[in-house]
Enquirer: 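Quick one: this structure, given as structure tokens, is what I'll be asking you about.
None of the values given here were measured: they were computed from a predicted structure. Here, residue 1 is the first one in the sequence, and each next residue gets the next number.
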Amino acid sequence: MDCILYIIISVLFAGTFLMMLELPYVSGSVLASGAGERIGVRIFGPVLLLCGLCVPVFWPEYFELMIGGFLKSDGIVNVLPVGIATAVAAMAVKGFSRFSAVPFAFMASIAGLGLAGGKAITAAEVLPYIVSWTAAPILCALFSAIIYMMFAAWHRRQNTHMALMEARMLSASTVAAFILFPLFSLNNSLIFTYLPSGYGYRAAAVACVCAVLIWPIVRKPEVFTKWNIADYELDTNPQSIFSLMAGMILCFLLFTSPLPGKIGLASTPLPAGTLYMAALAGISICGRRTLIDGPQIVKGAVAMYISPLMAFLVAYCLGRIMDGELTGTLIVLGMILLVAGIAFFIIHQSRVLVDQQIARAHEQQVYSTRKSLSALEVRAEMTEKDLLDKLETKRKELVDFAVGISDQKNYMEEVYEQLKMVRGAKDGEEKDSKTDQLLQSLRERMYFTREVNDFYARSEELHKDFNQRLTDSFPHLTENEKKLATLLRQGFSSKYIASLMNITPKSVEINRYRLRSKLGLRRSDNLIKFIKSI
């Protein structure tokens, strides 16, 4: 009964951290490729994950090939300290890097507990695992880069429409998803081979049940991380994502087989996050585009070794404490946890400072945006006022135009009546007198005195700034000279200026000459350009 309880606790610890910290890199990649939106992948993906965990139950002969090495235990492993050590290492490293390397930490904690129990561990037994942990991400980067280059070369030779190419990549990614899901769980089910003989197969069966039970608990953070990976980290072309998935598949397949043992390495569970990081690095180098930055790669590589080392030390200390070695072990364990806590605190504080800097930058951006909006509002109000003023001016012009039409009509009616009276007059002197009166009225009307005065008034209103600058710069100008300058500024010809000022065109030319002299212009200077520059 105790053994079954330990197995369940082990699976809960390992399964929870695998599902929360490692599975999102698999499912996020599938989702980013577009295959995750297909109903078949959404239904059969979880089923294939469970099938990968069940393989040790239905095919124990295959896993007999993996048994051996310093991790194999002949007795009952107290997996409670193993789970605690894995949790401590995963959470401590999580503060430093998001690539926690949970499978490595789980295996190292078993080794640490075994060493505390008196099991001899030699360098020859440890070295194949360390080399395998180093070789796996390098191979994943190499596989992904080669596949990416092959697809790029094939794409250059093809004369295929982009939409058809996207459809083909989606189909290939769907097939890759059906392979990646079970291989991920199958590879990590190797953890059960390191449990006591006979109990690993039972743990594999219990793992499927536990995975279903803990899924409601871990679903929310797992889904959030998965969407974050798909939306932000893998916002790239389908060719890159497929190359990433294919590289991970080849690594999971290689290190789940007996082949590494034949070349001096070890079949080992692999962290999906570490392979994900390595694949992005390989594609970035090959495609000459930054899919993951250098600091993340360095942190992930360091975490890949720090995580198992910390789990090993914590599990070893817990094992020594259970054996009664309290004083010295507690001191060592306290120092380990203190160092881990200080490191976590420093990293956390640095992240807080970075978040504060980002918050201040956002506040500054918001302030700048608000300032720009205020300036736009002021400009909009000024523009609105200007438009209203222009609209009012146009309205007055229409009213004056209507009044002018009415005045002209009334005047023409008066002329018509006077002409009738002239025509009806029988006396010659009376007729001449009325004719003279009519001619005098027409001559006065020809001067358009009221209209001209109204024109000058409006012109001065529209160009009051110019008139003020002209008066300030040249105070000795007469009113007629100022009017001439205003008319020239508006582009009127000498003929129209003569009509408006009720003088002859020759007089306009004389006045222009006098104006040039008073403005101090040379013969080569352009009068109108100079007036417009005032």
Enquirer: Are side-chain heavy atoms of Leu254 and Leu259 found at a separation under 4.5 Å?
Expert: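 They are in side-chain contact.
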
Enquirer: Check whether any side-chain heavy atom of Asn237 sits under 4.5 Å from a side-chain heavy atom of Met169, and report yes or no.
Expert: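 No, side chains not in contact.
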
Enquirer: With a 4.5 Å heavy-atom cut-off, do Phe104 and Leu270 have their side chains touching?
Expert: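 They are in contact (side-chain heavy atoms under 4.5 Å apart), so the answer is yes.
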
Enquirer: Please check if the side chain of Ser144 supplies one atom and the backbone of Ala141 the other of a donor-acceptor pair under 3.5 Å.
Expert: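 A pair under 3.5 Å: no.
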
Enquirer: If I compare all heavy atoms of Glu166 with all of Pro238, which pair ends up nearest, and what's the gap?
Expert: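 That would be OE1-CG, 3.1 Å.
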
Enquirer: How far does CD1 of Ile283 sit from SG of Cys286, to the nearest 0.5 angstrom?
Expert: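 If we round to the nearest 0.5 Å, Ile283:CD1 and Cys286:SG are 8.5 Å apart.
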
Enquirer: Return the orientation label for the Phe242 and Phe151 ring planes: parallel under 30°, perpendicular over 60°, tilted otherwise.
Expert: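 Ring orientation of Phe242 relative to Phe151: perpendicular.
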
Enquirer: Taking the inter-plane angle between the rings of Tyr276 and Phe99 on a 0 to 90° scale, is it parallel (under 30°), tilted (30 to 60°) or perpendicular (over 60°)?
Expert: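 Aromatic pair Tyr276/Phe99 classed tilted.
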
Enquirer: Return the CD1 to CG distance between Ile130 and Leu265, rounded to the nearest 0.5 Å.
Expert: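 So the gap between those two atoms works out to 12.5 Å.
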
Enquirer: Heavy atoms only: give me the nearest Lys226-Ser27 pair and the separation to one decimal.
Expert: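 Scanning both residues, the minimum pair turns out to be CD-OG, 3.3 Å.
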
Enquirer: Side chain to side chain contact (heavy atoms under 4.5 Å, CB included) for Thr86 and Val102? Distances and angles first, verdict last.
Expert: CA-CA 7 Å; Thr86 304; Val102 174; 4.1 Å; yes

Enquirer: So do Asn187 and Pro269 actually touch side chain to side chain, heavy atoms under 4.5 Å?
Expert: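 When only atoms from C-beta onward are counted, Asn187 and Pro269 do touch, with a gap below 4.5 Å.
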
Enquirer: Between Asn188 and Phe184, is there a donor-acceptor pair closer than 3.5 Å when you use the side chain of the first and the backbone of the second?
Expert: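 The answer is yes, because a donor-acceptor pair under 3.5 Å joins these two groups.
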
Enquirer: Run the side chain to side chain contact (heavy atoms under 4.5 Å, CB included) check on Leu275 and Tyr25 step by step: do they pass?
Expert: CA-CA 9 Å; Leu275 297 185; Tyr25 293 100; over 6 Å; no

Enquirer: Locate the shortest heavy-atom distance separating Gly273 from Glu22; write the atom from each residue and the value.
Expert: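 Heavy atoms only, the tightest pair is N-OE1, 2.9 Å.
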
Enquirer: Using a 3.5 Å distance criterion without hydrogens, assess whether the side chain of Thr256 forms a donor-acceptor pair with backbone atoms of Phe252.
Expert: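 Yes, Thr256 side chain to Phe252 backbone: donor-acceptor pair under 3.5 Å.
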
Enquirer: Identify the heavy atoms of Ala281 and Ile297 that sit nearest to each other, and give their distance.
Expert: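 The pair with the smallest heavy-atom distance is CB-CD1, 3.7 Å.
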
Enquirer: Checking Trp133 against Thr268 for the side chain to side chain contact (heavy atoms under 4.5 Å, CB included) test, could you report, in this order, the C-alpha distance in whole Å, the side-chain angles of both residues, the deciding distance, and whether it holds?
Expert: CA-CA 8 Å; Trp133 294 349; Thr268 175; 3.1 Å; yes

Enquirer: Would you name the heavy atoms of Leu170 and Gly34 that are closest together and state the gap between them?
Expert: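 Between these two residues, the closest heavy atoms are CD1-C, 3.4 Å.
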
Enquirer: How close do Ala176 and Met245 get, counting heavy atoms only, and between which atoms?
Expert: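 So the two residues come closest at CB-CE, 3.7 Å.
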
Enquirer: When rounded to the nearest 0.5 angstrom, what is the spacing between CD1 in Ile179 and CE in Met248?
Expert: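 So the gap between those two atoms works out to 13.5 Å.
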
Enquirer: As an exercise, state the distance from CD1 of Ile138 to CZ of Phe143, rounded to the nearest 0.5 Å.
Expert: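 Nearest 0.5 Å value for the CD1-CZ distance: 11.5 Å.
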
Enquirer: What pairs with Asp293 under side-chain hydrogen bond (donor to acceptor under 3.5 Å, both in side chains), at least two apart in sequence or on another chain?
Expert: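 Only Gln296 meet the side-chain hydrogen bond (donor to acceptor under 3.5 Å, both in side chains) criterion with Asp293.
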
Enquirer: For residues Leu21 and Thr225, determine if any side-chain heavy atom of one lies less than 4.5 Å from a side-chain heavy atom of the other.
Expert: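 Side chain of Leu21 against side chain of Thr225, heavy atoms only: no contact under 4.5 Å found.
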
Enquirer: Using side-chain contact (heavy atoms from CB on, under 4.5 Å) as the criterion, point out the one residue from Ile147, Ile146, Leu142 that pairs with Leu250.
Expert: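 So the option named by the test is Ile147.
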
Enquirer: Any chance you could measure Cys140, atom SG, to Leu244, atom CG, to the nearest 0.5 Å?
Expert: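 Reported to 0.5 Å precision, the distance equals 6.5 Å.
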
Enquirer: Quick one: does Phe178's side chain get under 4.5 Å of Leu48's, heavy atoms only?
Expert: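 The answer is yes; the side chains approach within 4.5 Å.
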
Enquirer: State whether the side chain of Ser284 and the backbone N or O of Leu291 hold a donor-acceptor pair below 3.5 Å, judged by distance alone.
Expert: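 It does hold such a pair.
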
Enquirer: Take atom CZ of Phe44 as the centre, draw a 6.0 Å sphere, and report whether it contains more than 12 heavy atoms from other residues, nucleotides or ligands.
Expert: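 No, the 6.0 Å shell around CZ holds no more than 12 heavy atoms from other groups.
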
Enquirer: If I take atom NZ from residue Lys299 and atom CE from residue Met277, how far apart are they, to the nearest 0.5 angstrom?
Expert: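 Answer for the NZ-CE pair, Lys299 versus Met277, is 13.0 Å.
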
Enquirer: Is a donor on one side and an acceptor on the other found under 3.5 Å between the side chain of Ser267 and the backbone of Ser257?
Expert: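 Yes, the answer is positive, given that a donor and an acceptor are paired below the 3.5 Å cut-off.
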
Enquirer: Do side-chain atoms of Ser307 reach the backbone of Ala105 as a donor and acceptor pair under 3.5 angstrom?
Expert: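 Between the backbone of Ala105 and the side chain of Ser307 there is no qualifying donor-acceptor contact (under 3.5 Å).
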
